[in-house]
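Worth saying up front: this structure is predicted, and the values here are computed from it rather than measured. In what follows, every chain begins at residue 1, and chains take the letters A, B, ... in the order their sequences are listed.
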Amino acid sequence: MISALLKRLGQTLFVLFGISVLVFLVFFATPGADPTSRIAGKNASPETMTRVRHEYGFDRPLPVQYATMMKKLFITRDLASYVDRGELVVPEIVRAAPVTLSLATGAAVIWVVASVAMGTVAAAFRHTWIDRSLMMLGLIGISIPVFWLGQVANLITQARYHDTWLFSWVPGLGYIPFLESPVGWFRALIIPWVVLAVLFIGIYGRVLRADLITVSGEDFMRTARAKGLSPTRVLLVHGLRTSMITFVSLFGLDFAQLIGGGALLTEVVFGLQGVGRLTYQALSNLDLPLIMASVMYSAVFVVMANAVVDVVYVLLDPRVRDAR
Amino acid sequence: MHADVPLLEVQNLCISFRSHGRNVPIVENVSFSVNMQEILAIVGESGSGKSVTATAIMGLIDTRDVKITGSAKFRGQELIGLPQKAFRQLRGRHIAMVFQDPMTAFTPVYTIGWQIDEQIRAHERVSKSEARARTVQMLGNMGVPDPERTANRYPHQLSGGLRQRAMIAMALSCNPALLIADEPTTALDVTVQAQILDLIRNLRHDYGSSVLLITHDMGVVAETCDQVMVMYSGRVAEFGPGDAIFAQPAHPYTAALLDSIPPLTGPRPTRLPSIAGSPPSPSERPAGCAFAPRCNYSHKSCETVPPLVTYGQQSVACVLPVEGRALPSRAVTKDLA
Ligand SMILES: Nc1ncnc2c1ncn2[C@@H]1O[C@H](COP(=O)(O)OP(=O)(O)OP(=O)(O)O)[C@@H](O)[C@H]1O
Ligand SMILES: [Mg+2]
């Protein structure tokens, strides 16, 4: 157990190291990325350039620069942005993280519940009109661009029908911290959750239906029917439970990706200052410290999510349990 | 229940699947019956429709492209066309089934014991612990060592032989009157195979069950069965008591199958005679006797489908006995060896 944890920790550190080196090197290999001129401002005198270069350590060898950056990011936590002079990067991430976490978690709850229901019902009624309409809905969900859906939702709930009883409860765009007001938090996020979840409901519902139908041809499903179990029990207890193994691994990847900033479009449309937005901002400004910080943050989450998926996997599949 | 009324009586069972807009007959006019405490073997090469026959009797064919006609009466109750709801009362409780591959027949994510408990509790109002007690007892009866612990193991943790024993324990857990075993030993190695067959042979004494044993191995039949039905290409080739069929096969196909049994003792021949050619695919069955293209005796009168005629104790779908050219009787290898 301890050794497994240590192994996992070692892997995490290795992954973080690899990614950070990569980000670092790619940044310095990008043409026009030289941060000196950006920091010094347009038409800065050569003396200013030299001063800035020296002050920020850009004249030192790359490994030293890398080590300094890592020290500032992880140990002293005073890494500052290149763009807004003085703005510390770590607190910025810490401020954005709860927003993204709330957004992704809520959406995940909705999409898991809805897609399991949708996939199971569709598989149970396969080849009937129920199945076909559910799958059609799923396909629509997959094809709708999330920013468009978000804009329409905003148009309806914020503008057109905001004054009717139906949507008068919807607060203005933006995030309300949970600790400040749980109800406000929920109200502010419920629409973004649904909008973000729609795509995933479509994908997961379809994947689950296909899995359930594949599984229904398995020998053990025939055994379950031969035992005299009800079709519902066969489908849920034997089929769904077995199909969950694929579902979970898919979920782990998508969820980690969202936590790591993948919900950018949703964040932008709903005015949520989350990690996705922060990363986008950093990238468009070529702001290495912020890029580095947000990439490290999301890498940590991806690794953690994978660890959680592995644990759930072991719980779900006894074969995996014995394989290690 | 009278002993002279068959437990299962199948008459003119026809099964066809629709594929590419065409009805392809898979099983044609199959009739047989299983009496109380009797073991009936269905023998035939791969693709002869054995499994389809069994799954149709169990109501387990679930494609909508299937057409089943004829009759299959279990204790007088018609099974063909029986609604699934009524089938559920029978399945697992009165008719149980054991499948070919024990590796894949258990749900991988539950323990063996859990799955047997599930079947018991699906049919009887018993508590969890009562069900488990019975599970453990059944596993023990089936020769599973340390049944308490084995019940708590997952399918992948058991060997093929143990899994098949557990499968049979599960099938018998509600004391069914009829056990359908579809090639229960094909996936197992020879020693385990013999043990499982032993188990099946003793079922009628220990549990009073009848068995419908599906196999493609005449050797298995010789060791276990009372009645034998030989199927070829979806039709009955020969039906009758095992002894009679082994002593004097009336259908050239049966004779050829018997020739391919390896001797139980003595030196194994380097090559067993096997039947040349392969059975026709269901969509390309010849108009007459389906075996004719591979038969040494085929002649003009084989161009029409031979009717099932009575010959000695068996019935046979071949023109030879009618034409007075019956196959010679043979020494019963089983006893001489
Ligand atoms: N659901 C189905 N749809 C169409 N054809 C089928 C279906 N199930 C079985 N068949 C066909 O029926 C024929 C007989 O199959 P079956 O499984 O009964 O053979 P078998 O005698 O059990 O052979 P084996 O020894 O290989 O188990 C095969 O040609 C198969 O292709
Ligand atoms: Mg078969």
Checklist entry - Would A:Arg222 and B:Asp62 pass as an ion pair if we require N to O under 4.0 Å? => result no

Do [X] and [Y] have side-chain heavy atoms sitting under 4.5 Å apart?
X        : Y        : value
A:Pro231 : B:Arg88  : yes
B:Tyr110 : A:Val237 : yes
B:Pro108 : A:Arg319 : yes

Where does [X] contact chain A at under 4.5 Å (heavy atoms): side chain, backbone, both or neither?
X        : answer
B:Ala96  : neither
B:Gln89  : neither
B:Met167 : side chain

Checklist entry - Any chance the side chains of B:Glu118 and A:His238 put a donor and an acceptor closer than 3.5 Å? => result yes

Checklist entry - When only pairs under 4.5 Å are counted, which of B:Met97, B:His123, B:Arg93 shares the most heavy-atom pairs with chain A? => result B:His123

Item to check | Pick from B:Met58, B:Met170, B:Gln84 with the largest number of heavy-atom pairs that fall under 4.5 Å of chain A | outcome: B:Met170

Checklist entry - Looking only at heavy atoms, which two atoms of B:Val109 and A:Leu316 are closest? And how far apart? => result CG1-O, 3.5 Å

Checklist entry - Under 3.5 Å, is there a donor-acceptor pair between the side chain of A:Thr223 and the main chain of B:Phe106? => result no

Item to check | Flag, side chain of A:Lys227 to backbone of B:Ile116, donor-acceptor distance under 3.5 Å | outcome: no

Item to check | Between CD on residue B:Gln119 and CG on residue A:Leu229, distance to nearest 0.5 Å | outcome: 7.5 Å

Item to check | Which atoms of A:Ser216 approach chain B - backbone, side chain, both or neither, heavy atom under 4.5 Å | outcome: neither

